[in-house]
Amino acid sequence: MLTLKIIQDNPDFVIERLKIKGYNAREIVQKIIETNNKRRDSQAKVDLLKAEMNRLSKEIGILFREGKTTEANSAREQTAVLKNEIKELDASFSEFDEQLSSLLVNLPNLPNELVPAGTTADDNLEVKRGGVIPQLSGEKLPHWELIKKYDIIDFDLGTKLTGAGFPVYKGKGAKLQRALINFFLDEGEKAGYREVLPPIVVNEASGFGTGQLPDKEGMMYHITAENFYMVPTAEVPVTNIYRDVILDEADLPVKNMAYTPCFRREAGSWGAHVRGLNRLHQFDKVEIVQIAHPEKSYEALDQMLAHVENLIIKLGLPYRILRLCGGDMSFTSALTYDFEVFSAAQERWLEVSSVSNFETYQANRLKCRYKGKDSKKPELTHTLNGSALALPRIVAAILENNQTGTGIKIPDVLVPYCGFDIIN
RNA sequence: GGAGAGGUGGGUGAGUGGCUGAAACCACCAGUUUGCUAAACUGACGUACGGGUAACUGUACCGGGGGUUCGAAUCCCCCUCUCUCCGCCA
């Protein structure tokens, strides 16, 4: 969430910036300032009364010890009124405090000044394009045909075991998954990321920390018996490692990565363009996460972009990089770049990575801060994350782009991981 | 799942109703001493919110929430987590 400070100090700036996300913040910003004022006033009052109460209590203690029971008892009677007042004021303070929190939680992050205005994916800005779109000769099968032809991924079987959107990878299909995961992790390690293998169910506090809760319950599978959520991305457990943590400034940036399966309910989003591997309820992904110094976070973002781009280049896939417009970026992000690869049989661009800087927005929820040698108070860090990479659409593009009449050619870089160079 | 013991500041750990935001020790930081390092000594050493230009100061926080009391780290209730034993189990 945004810090109170920026809202208090620059309300107009906040309102202007949020327009880029298509969000009219005027009313809520005003409400936040009002509520905060009320909260502050009631705190000032109740603190005074509590101070008085503490003073009296101390006095009573002393009187009792000195054996002055009569005085002590009469002082004790005085406290009753005070106690009631405190109770009432405390209640209204808590009420303001809760109101303020829920207002703050509902305000999206401010977009960076680079973010283009716009409302839909059509307004995203293409910043780079690379690779070569293959000219397929002869048969040109979409991946959902290819997986059947070579019997490597089975949707019907997944439906039998679980439901739609939970595919079963078989034989070389399964091996290709494992190869990609290992390839991504090895590359991440070379880029300085520490591998972690986190739980794939998380508690409510973690969901809140990264911004999936309280608003987006619909995206996550909820285990009601334990009140756990299945992770929609490794971002959730990996970033939450730093919840309520004060880091040493010298340790920044902190770079972690994790492979996890990801689970998304994607309620109501089924329809055209989501065939095959294009959209799943369970998929595999390697995620990179950085906790960065505020002054260095955009450097970190550039590094992450270069890392993701490098992965795609090594896989030999044609790609483009988009800077998301205000309307298409997420609630919590300040700046997001999407990577899309071209899938030659569908003749479509498929999103395979999303790399974002959240600045202090997540850190403020997480209470992830750093402290320098000379700094008096801890400051919020910046947090960033990106997919490096999400597997299914990468697989779709590899299958479609590398198909020949006699089989699917495995990208060179994956051959040592797969142990085969063709799926046939 | 059953029984018991616990959760105190970065760490170890004292603290069973008031003088405890919290002893002591260790670590960290600043300084003194020393040719350097070490040792020794001195001092500083939590977080949040409020007031103040500032020095400073008020309030809250001893796993979380509620209660008793003039007053709670300390007593009571609920939850949670950890450890030990038993059961089950990859």
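Chain A is the first sequence line, chain B the second, and so forth, proteins listed ahead of strands; every chain is numbered from 1. For the numbers below, each heavy atom of this structure counts, side chains included, while hydrogens, waters and symmetry mates do not.
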If you look at every strand shown and take non-hydrogen atoms under 4.0 Å, does [X] touch a base, only sugar-phosphate, or nothing?
| X | result |
| --- | --- |
| A:D97 | nothing |
| A:K45 | nothing |
| A:R55 | nothing |
| A:S57 | base |
| A:K377 | sugar-phosphate |

Look through every strand shown and name the nucleotide pairing with B:rA3 as Watson-Crick or G-U wobble, where both distances are under 3.5 Å.
-> B:rU84
What is the pairing partner of B:rC25, taking Watson-Crick or G-U wobble pairs with both distances under 3.5 Å in any strand?
-> B:rG11
Does A:T381 have any side chain to side chain donor-acceptor pair (under 3.5 Å) partners at least two apart in sequence or in another chain, and if so, which?
-> none
Go through RNA chain B in 5' to 3' direction and return only the first and the last nucleotide with some atom under 4.0 Å of chain A's heavy atoms.
-> B:rG18 to B:rG71
Which residue pairs pass the salt bridge (Lys or Arg N to Asp or Glu O under 4.0 Å) test when at least one of the two sits in residues 350-369 of chain A, sequence neighbours left out?
-> none
Residue whose nearest RNA chain B nucleotide is more 5′ - A:M53 or A:K371 | A:K371
Rounded P spacing from B:rC79 to B:rG4 in Å | 14 Å
B:rU16 and B:rC28, which share atom name C1', separated by this distance in whole Å = 33 Å
Please confirm whether A:F263 and A:H281 have ring centers closer than 6.0 angstrom.
-> no
